[in-house]
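Before any comments, here is the structure.
Throughout, numbering of the chain's residues begins at 1 and tracks the sequence.
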Amino acid sequence: VQLQASGGGLVQAGGSLRLSCAASGCTFSSYVMGWFRQAPGKEREFVARVDWSGDSIYYTDSVKGRFTISRDGAKSTVYLQMNSLKPSDTAVYYCAARRYSGSDSVPGYEHWGQGTLVTVSS
């Protein structure tokens, strides 16, 4: 499984970005897809997850109402639409995939993309 994340950049507070993560080398519909982020000096943390069919979605509290995760099976791509961005959202964002039901923690995901940097200026 290869995951290629893109879409990061520099944005002012209150702005929006959409991250994309293209999957290859796998049957996309067989994987739960997640987004994580790691701010400077902090541990990697869970942000959002969408299940195999897209019916079940879960967000960490700090992004609820601002971020939207979605998946497009035809493009084997998962997205993270980020609105009302805050400086505290500044981090490297990683997409991840897991095959089976499990924990939305870093060890719970088997495959990782390379990360894309999001910087939110105040």
(message) Once rounded to the nearest 0.5 Å, what's the spacing between atom OG of S16 and atom CZ of R66?
(response) 10.5 Å

(message) In this structure, would V47 and V11 fall into the same cluster of hydrophobic residues linked by side-chain contacts under 4.5 Å?
(response) yes

(message) What I'd like to find out is whether the side chain of E45 reaches to under 4.5 Å of the side chain of T60, using heavy atoms alone.
(response) no

(message) Using every non-hydrogen atom in the two residues, find where A5 and C95 come nearest and quote the distance to one decimal.
(response) CB-SG, 4.2 Å

(message) When you measure from the side chain of W112 to the backbone of L3, do you find a donor-acceptor pair of N or O atoms at a distance under 3.5 Å?
(response) no

(request) Return the minimal non-hydrogen interatomic distance between K64 and D61, and the atom names on each side. (result) NZ-OD1, 3.0 Å

(request) Check Y59, Y109, F36 against F46 for a ring-ring contact (aromatic ring centres under 6.0 Å, His included) and give me the one that passes. (result) F36

(message) Can you tell me how far apart NZ (K75) and OG (S20) are? Round to the nearest 0.5 Å.
(response) 9.0 Å

(request) Check whether L117 and V120 end up in the same hydrophobic cluster, where Ile, Leu, Val, Met, Phe, Trp and Tyr are linked by side-chain heavy atoms less than 4.5 Å apart. (result) no

(request) Flag yes if V78 and Y31 sit in one hydrophobic cluster, no otherwise; membership is Ile, Leu, Val, Met, Phe, Trp, Tyr, and two members link when side-chain heavy atoms are under 4.5 Å apart. (result) yes

(message) As an exercise, state the distance from CZ of R18 to CZ of F67, rounded to the nearest 0.5 Å.
(response) 14.5 Å

(message) Any salt bridge linking K86 with D89? Criterion: basic side-chain nitrogen under 4.0 Å from a carboxylate oxygen.
(response) no

(request) Kindly indicate whether the side chain of S6, heavy atoms from C-beta on, has any atom under 4.5 Å from the side chain of T116. (result) no

(message) Is any side-chain heavy atom of Y79 closer than 4.5 Å to one of L19?
(response) no

(request) Can you see which heavy atom on E110 is nearest to which on R99, and at what distance? (result) OE2-N, 3.2 Å

(request) Please report the shortest heavy-atom distance between V92 and G115, naming the atom on each side. (result) CG1-CA, 3.8 Å

(message) Nearest 0.5 angstrom please: Y94 OH to Q114 CD, how far?
(response) 9.0 Å

(message) Minimum heavy-atom separation for F28 and G73, please, with both atom names.
(response) CD2-CA, 3.9 Å

(request) Spell out, yes or no, whether L80 and V118 are grouped together once hydrophobic residues are joined by side-chain heavy atoms under 4.5 Å, including indirect joins. (result) yes

(request) State the OG1-CE distance between T77 and M33, to the nearest 0.5 angstrom. (result) 8.5 Å

(message) Measuring only between side-chain heavy atoms, which start at C-beta, is T119 closer than 4.5 Å to S121?
(response) no

(request) Kindly indicate whether a cation-pi arrangement holds for R37 with Y93, taking the cut-offs as under 6.0 Å to the six-membered ring centre and within 45° of the axis. (result) no

(message) Using 0.5 Å steps for rounding, measure from the OG atom of S103 to the CZ atom of R98.
(response) 7.5 Å

(request) Specify the closest pair of heavy atoms between C26 and V1, including all atoms of both residues, with the distance to one decimal. (result) CB-CG2, 3.6 Å

